[in-house]
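Notes follow the structure.
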Amino acid sequence: MHIKTSLPAMIEDCFVGDQTSTAQSIVHSGDSVPAAVVQRGSSVRSTESWERSEAELITQLETMKLALKEVYDELGERDRLRPQLEDARQELQAVYASLSWRVAAPLRAVSARFPGLSGRPRALARRYPKLLSVLSRADRLARRVLRTLVGSSTAVPAMIKTGSISLRPIEVRANAGVSQRLPRGSGKRVLCVGHVMPFPPRAGNEYRIHRMLSWLSDEGFDVLVIVCPLRNEMPSELQIARAAAIYPQFIVCGHDGIVRHNLPKDSAILSGMSGTRVREFATLLEEENGKDQRADELLGVLRTFCPDVLIETLLHIEQNFKPRTLLAEYVFMTRAMTLLRADLHKIVDTIDVFSSKAHKVERYGVTDGLAMSETEEAMLMARADVLIGIQPAESQEIERLAPTRKVVTVGVDFDVKESVLALPPKPVVLLVASGNPMNVKGLQDFLRYSWPFVRREVPQAELRVVGDVGASVDFAPEGVHILGRVESLDDAYADARVVINPTIAGTGLKIKTVEALSHLRPVVTFPAGVDGVAEAALSYCRVATDWYAFACEVAHVLSAPQDATQLERRSRVLVDCFSAKAVYAPLKRVLDEI
């Protein structure tokens, strides 16, 4: 009876108190309570529990956001410091490679053996400060006198002896893996000089140079190729042999004075070259050390790409080969141009506009240490007669920097796959890239921000990473396969359903984007990834503006059906875009005028 009389109050508790426990006590008491009341009490209880769970989830989410922000801040700090670390590394290498460091090696050895001895000159300098000032002035005066005496000579000055040229024949192997040797032309002579090995091509710039050399040979030009690799990038003997097997006239000029070649032993081009002393050309080129820090940095870059031994080699070959045209790869090779014949037509294939790197690339925390100001690049460009831009937008920049020079736009030709291969059913994503800093950052960010979403949408998705960029991956996530360099890129593209170019910034033409299109594969990229791509080919690229959209595009292409009719139509359009006749027409007009 007590329970029945308190029933209204207990029902009230279902809505304001512990609803579930009260309703259960009513049921257990044996009283007849409407089922709706019990159900409503449970519902209110569940609602409050859900609200409390939601509040806890919101709190946890906010905590995770704060933690994620801290991670992003740390990543941003790391990216910000990376250029400084790279600059410090390059400065250290420059110190180690400098003449003063090598000359002072015995003094450092003596100082290490007798630590007390090094303190005496410092104590003497502190005791007699004027003596140090006198010695410094005497040193500057001696340098000025030496510079004046050497500069009074009309001949190329023989400064400090840095060694002599030693010729070494390249053993061209029959099984070097070269499918076809380029033809030896008999027409106008072209001397091509650069710092990268164009064959076998492993990166976009190497591919671009090799395709241009192939076109020149096919057009009947007599091409002599000189490569001067950077000091720490000397290719292996096998790589040199493979290049020598495909280029009829090929020379590798080492910083150590060793000149490897595949020319005949009695070749007039090499006559009298062996044993030639390498001179220092700084005075004749009016290169002033110590002018300011930035000028010294730029001068160091130019001497790294175009050292004195290369200039000595170019002067000798120019005299014996007598080329009509000099084709220089990258603007850094212009260091030698003022010493060459005035009637030699000098063309610079810029490939990149380095003064645009600051606002296009380095603001993303990526640097290769080669950015320069517009004034600096304009000075280097002015040494050439003709400048080649790799895509229209950069040609416009070059015209602004060098308004008195002829500028032409020459992209890269590709052999488009005319035999249509249907997209494979397996959801394979392909990335083909070299190990430059921009590619490395693009891959790492894709794995961090996009790949988890792609795997969630397409659980069977597989990412295959081809090229040196894969070396930057310390731990491969689920579904990611690091393949490195592969024997056949054709097979890699044939097995892919979609190709990605996750580089968020860059200069020049995105050659890997064009390469993927030539294999009739859809491409997902950022706006920078379609720079210079022909308008007709843009419709086959899916362009994202953030990593979430990038992942969505990849997942969509993996799931979308493709038919052979679409691929055939794509093939016909791209054949016209990337044919050698269309791509090199502006360069052919320039060479015909010469």
Side-chain angles (χ1 to χ4, degrees), residues 204 207-208 211 390-393 409-433 439 442 446 450 454 457-458 461-467 489-506 508-547 549-583:
Y207 182 89
R208 188 274 202 295
R211 296 293 293 192
I390 200 170
Q391 48 114 326
T409 302
V410 180
V412 183
D413 70 304
F414 278 88
D415 296 325
V416 177
K417 300 297 178 183
E418 297 188 36
S419 57
V420 177
L421 293 175
L423 292 178
K426 192 174 182 179
V428 174
V429 183
L430 177 66
L431 169 63
V432 181
N439 293 337
F446 173 77
S450 292
V454 174
E457 295 297 308
V458 187
E462 176 185 339
L463 172 64
R464 298 178 184 177
V465 180
V466 173
L489 278 179
D490 289 348
D491 293 342
Y493 280 110
D495 292 338
R497 191 166 180 83
V498 61
V499 179
I500 61 169
N501 183 354
T503 303
I504 199 169
L509 173 68
K510 304 310 176 291
I511 294 177
K512 287 305 176 186
T513 298
V514 180
E515 182 179 74
L517 292 174
S518 72
H519 284 82
L520 307 181
R521 291 311 183 239
V523 179
V524 177
T525 184
F526 286 108
V530 293
D531 282 346
V533 176
E535 193 72 27
L538 283 178
S539 60
Y540 306 116
C541 298
R542 305 184 74 90
V543 182
T545 55
D546 57 66
W547 287 112
F550 198 102
C552 291
E553 295 288 1
V554 172
H556 174 77
V557 176
L558 289 177
S559 305
Q562 288 278 348
D563 58 40
T565 305
Q566 290 178 321
L567 295 180
E568 289 176 1
R569 188 184 309 114
R570 184 180 306 174
S571 175
R572 291 194 297 269
V573 171
L574 296 179
V575 164
D576 295 335
C577 289
F578 303 141
S579 68
K581 182 178 181 181
V583 169

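These numbers come from a predicted model, not from an experiment.
Contact annotation: the side chain of Arg208 approaches that of Val410 to within less than 4.5 Å [non-hydrogen atoms, C-beta and beyond]. Annotation: side chain of Glu515 is in contact with side chain of Val432 (closest heavy-atom distance under 4.5 Å). Two residues are said to be in side-chain contact when any heavy atoms from C-beta on lie closer than 4.5 Å; Val533 and Leu517 meet this criterion. The shortest distance between side-chain heavy atoms of Val583 and Phe414 does not fall below 4.5 Å. Residues Val530 and Val543 meet the side-chain proximity criterion, which asks for heavy atoms closer than 4.5 Å. For the pair Val429/Val524, no side-chain contact is recorded, criterion being any heavy-atom separation below 4.5 Å from C-beta on.
Smallest separation of non-hydrogen atoms from Ile500 and Leu431: O-CD1, 3.4 Å. Taking each heavy atom of Val454 and Ala461 in turn, the nearest pair found is CG1-CB, 4.1 Å. The heavy-atom pair separating Pro527 from Ala544 by the smallest distance is CD-O, 3.2 Å. Closest heavy-atom contact between Ile504 and Ala528: O-CB, 3.6 Å. Residues Arg521 and Pro424 approach most closely at NH2-CD, 4.0 Å, considering heavy atoms. Heavy atoms only, all atoms of each residue included: Ala549 and Asp546 are closest at N-OD1, 2.7 Å.
For the atom pair CG (Asn501) and CG (Leu430), the distance works out to 11.0 Å, reported to the nearest 0.5 Å. Remark: Asp495 CG to Arg464 CZ distance equals 5.0 Å, nearest 0.5 Å.
Listed for the Arg497 side chain is no donor-acceptor partner under 3.5 Å among the backbone atoms of Val428.
Each of Leu574, Thr513, Val416 was checked for a side chain to side chain contact (heavy atoms under 4.5 Å, CB included) with Ser518, and the lone residue meeting it is Val416.
Phe446 is linked by a ring pair (Phe, Tyr, Trp, His ring centres under 6.0 Å) to Phe550, counting only residues two or more places apart in sequence or in another chain.
The existence of a salt bridge linking Arg211 and Asp415 is confirmed by a sub-4.0 Å separation between a basic side-chain nitrogen and an acidic carboxylate oxygen.
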